[in-house]
Amino acid sequence: MSKAKTNSIILEPSWFARPTCVVAADLIGKVLCRRITDTDSVPKVLRVRITETEAYIGEQDGSVAAHLAKGKKGNSLADIMYAEGGVFYTYLTYGVHLMLNLVSGTAESPESVLIRAGFLAEDSERLLEEQNLSSDKQLTHIKQFAGPGKLTKRLQIDRALYGSSIAPESGVWIEDDGCLPLVSLRPRIGIDYAGEAADWLLRYVWTAHPSLSKK
DNA sequence: GGATGGATTGGCT
DNA sequence: GCCAATCCATCCA
């Protein structure tokens, strides 16, 4: 394992090849890193601590099936979920928002984890202190990262990431600095069409974190 | 070449 | 709580 920031470890692609439910749960509290290269300034790294993920687990999952069914001729973008865990699956929805998925699990089954929310890691200590306060202004700041569309927009995630490795050379990677928050299970969001799979408890959230909705 | 429908968000009734 | 915005992969004629 290579060193990242102080006391942090960069998660290698093989970390994501474990069972998807485990990956999705373990991602809570990890740090999503995005290297931003501005046109005329030095490259910098945005670090976002993950507070909410969702697991999408195989052909028996109605939501995954729907994605795969889009390409019956066998070459849809969703087929990337059949890859070995450790690459990105980016997906544009409603013509407006890009979803950031991490392909997980083995090559036998189409599985991925959707990153739904997080907060700036540099501000984490201050934000955690502010949890005890309840100013609207602070909540507004935190909400900037609540929701998959906002997250990808803020981190300047683009479709070029599709199929890239989850590693620093792609510009986006995950670090583990030992943070282990309490995790809660919830039903997934926005997939009512997926039949009974819509009720499966495959959404993982940082228990009682203020950046999350109250559902 | 045209039609369709989202793993969402934010603004308005 | 309802609904329009807005892109593009995929499907159908």
Side-chain angles (χ1 to χ4, degrees), chain A residues 16 19-25 27-28 30 32 48 50-83 85 87-105 109-119 136-137 139-164 166 172 174 183-206 209-215:
Chain A
F16 301 92
T20 295
C21 297
V22 176
V23 172
L27 278 171
I28 305 299
K30 296 294 184 287
L32 175 66
V48 170
I50 297 167
T51 55
E52 184 174 7
T53 63
E54 282 183 6
Y56 289 83
I57 50 163
E59 289 151 353
Q60 74 275 24
D61 181 337
S63 178
V64 172
H67 271 230
L68 294 169
K70 279 192 149 193
K72 281 180 178 165
K73 299 191 173 168
N75 247 335
S76 81
L77 286 179
D79 288 346
I80 193 74
M81 285 195 279
Y82 280 105
V87 299
F88 291 106
Y89 169 32
T90 52
Y91 172 91
L92 185 69
T93 185
Y94 299 101
V96 185
H97 304 290
L98 203 61
M99 305 288 101
L100 179 63
N101 292 258
L102 313 180
V103 175
S104 52
S109 141
E111 303 177 11
S112 70
V113 176
L114 169 67
I115 308 298
R116 290 191 60 90
F119 62 93
D136 287 338
K137 194 175 181 180
L139 287 176
T140 300
H141 173 67
I142 293 167
K143 281 177 182 173
Q144 285 182 337
F145 288 87
K150 293 181 198 170
L151 187 83
T152 54
K153 183 180 179 186
R154 193 63 192 272
L155 292 183
Q156 301 174 40
I157 303 295
D158 55 74
R159 284 178 303 127
L161 264 186
Y162 176 89
S164 301
I166 303 170
V172 182
I174 311 281
V183 176
S184 300
L185 290 167
R186 301 287 153 77
R188 293 178 295 178
I189 288 178
I191 55 164
D192 293 340
Y193 64 85
E196 63 180 41
D199 298 325
W200 295 351
L201 293 173
L202 292 177
R203 183 159 62 104
Y204 299 83
V205 304
W206 185 320
H209 194 279
S211 75
L212 305 173
S213 64
K214 291 171 184 171
K215 287 182 190 175

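Chain naming here is simple, since letters A, B, ... match the order of the sequence lines and numbering starts at 1 in each.
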Just to be sure I understand the rule, does [X] reach a base, reach only the sugar-phosphate, or reach nothing, if contact means heavy atoms closer than 4.0 Å?
| X | answer |
| --- | --- |
| A:Thr152 | nothing |
| A:Arg116 | sugar-phosphate |
| A:Leu114 | base |

field: Pairing annotation in dot-bracket form, given for DNA chain B with Watson-Crick or G-U pairs under 3.5 Å and | for cross-strand partners
entry: ||||||.|||||.
task: Measure the shortest side-chain to side-chain distance between A:Leu155 and A:Val172 over non-hydrogen atoms and say whether it is less than 4.5 angstrom.
output: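 A:Leu155 vs A:Val172: side chains apart.
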- request: With the side chain counted from C-beta on, respond yes when A:Asp158 and A:Thr90 share a heavy-atom pair under 4.5 Å apart, and no when they do not.
  value: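 No - every pair of side-chain heavy atoms lies 4.5 Å or more apart.
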In whole angstrom, give the distance that lies between atom [atom1] of [X] and atom [atom2] of [N].
| X | N | atom1 | atom2 | result |
| --- | --- | --- | --- | --- |
| A:Glu111 | B:dA7 | CD | C1' | 16 Å |
| A:Met99 | C:dC7 | CE | C1' | 13 Å |
| A:Asn101 | B:dT8 | CG | P | 11 Å |
| A:Glu54 | B:dT8 | CD | C1' | 12 Å |
| A:Ile157 | C:dC7 | CD1 | P | 20 Å |
| A:Tyr94 | B:dT4 | OH | P | 17 Å |
| A:Ile80 | C:dA9 | CD1 | P | 15 Å |
| A:Arg186 | B:dA7 | CZ | C1' | 18 Å |

field: Of A:Ala78 and A:Thr93, the one whose closest DNA chain C nucleotide lies more 5'
entry: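 In this pair, the answer is A:Thr93.
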- request: Could you check A:Arg159 against A:Val96 and say which one's nearest nucleotide on DNA chain C is further toward the 5' end?
  value: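 It is A:Val96 whose nearest nucleotide is closer to the 5' end.
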Tell me the closest heavy-atom pair linking [X] and [Y], and the distance in Å.
| X | Y | answer |
| --- | --- | --- |
| A:Arg159 | A:Leu98 | CG-CD1, 3.5 Å |
| A:Gly62 | A:Ala197 | N-CB, 3.5 Å |
| A:Ala65 | A:Glu59 | CB-O, 3.9 Å |

message: I'd like to know if A:His97 reaches the base of B:dA7 with its side chain, counting only an N/O donor and acceptor under 3.5 Å.
response: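 When only heavy-atom distances are counted, A:His97 does not reach the base of B:dA7 through any donor-acceptor pair under 3.5 Å.
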- request: Could you please name the option among B:dT9, B:dT8, B:dA7 that lies closest to any side-chain atom of A:Lys150?
  value: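 Nearest to the side-chain atoms of A:Lys150, counting from C-beta on, is B:dT9.
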message: For a quick test of reading the model: is some side-chain N or O of A:His67 closer than 4.0 Å to OP1 or OP2 of B:dA7?
response: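 So the side-chain polar atoms of A:His67 do come within 4.0 Å of the phosphate oxygens OP1 or OP2 of B:dA7, strictly under.
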message: Quick check on B:dA7: is either OP1 or OP2 less than 4.0 Å from any side-chain nitrogen or oxygen of A:Tyr193?
response: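 So the side-chain polar atoms of A:Tyr193 do come within 4.0 Å of the phosphate oxygens OP1 or OP2 of B:dA7, strictly under.
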- request: Could you tell me whether A:Glu196 atom CD has more than 12 heavy atoms of other residues or ligands within 6.0 Å of it?
  value: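 Open.
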message: Could you check, using the six-membered ring where one of them is a Trp, whether A:His67 and A:Tyr91 have ring centers closer than 6.0 angstrom?
response: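 Yes, ring centres under 6.0 Å apart.
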- request: Could you tell me whether the side-chain ring of A:Tyr56 sits stacked on the base of B:dA7, using a centroid cut-off under 5.5 Å and a plane angle under 30°?
  value: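 Yes; centroid distance and tilt both under limits.
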field: Intermediate values then yes/no, side-chain contact (heavy atoms from CB on, under 4.5 Å), A:Val113 and A:Tyr56
entry: CA-CA 6 Å; A:Val113 176; A:Tyr56 289 83; over 6 Å; no
P gap between C:dT6 and B:dC12, integer Å: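 That atom pair is separated by 14 Å.
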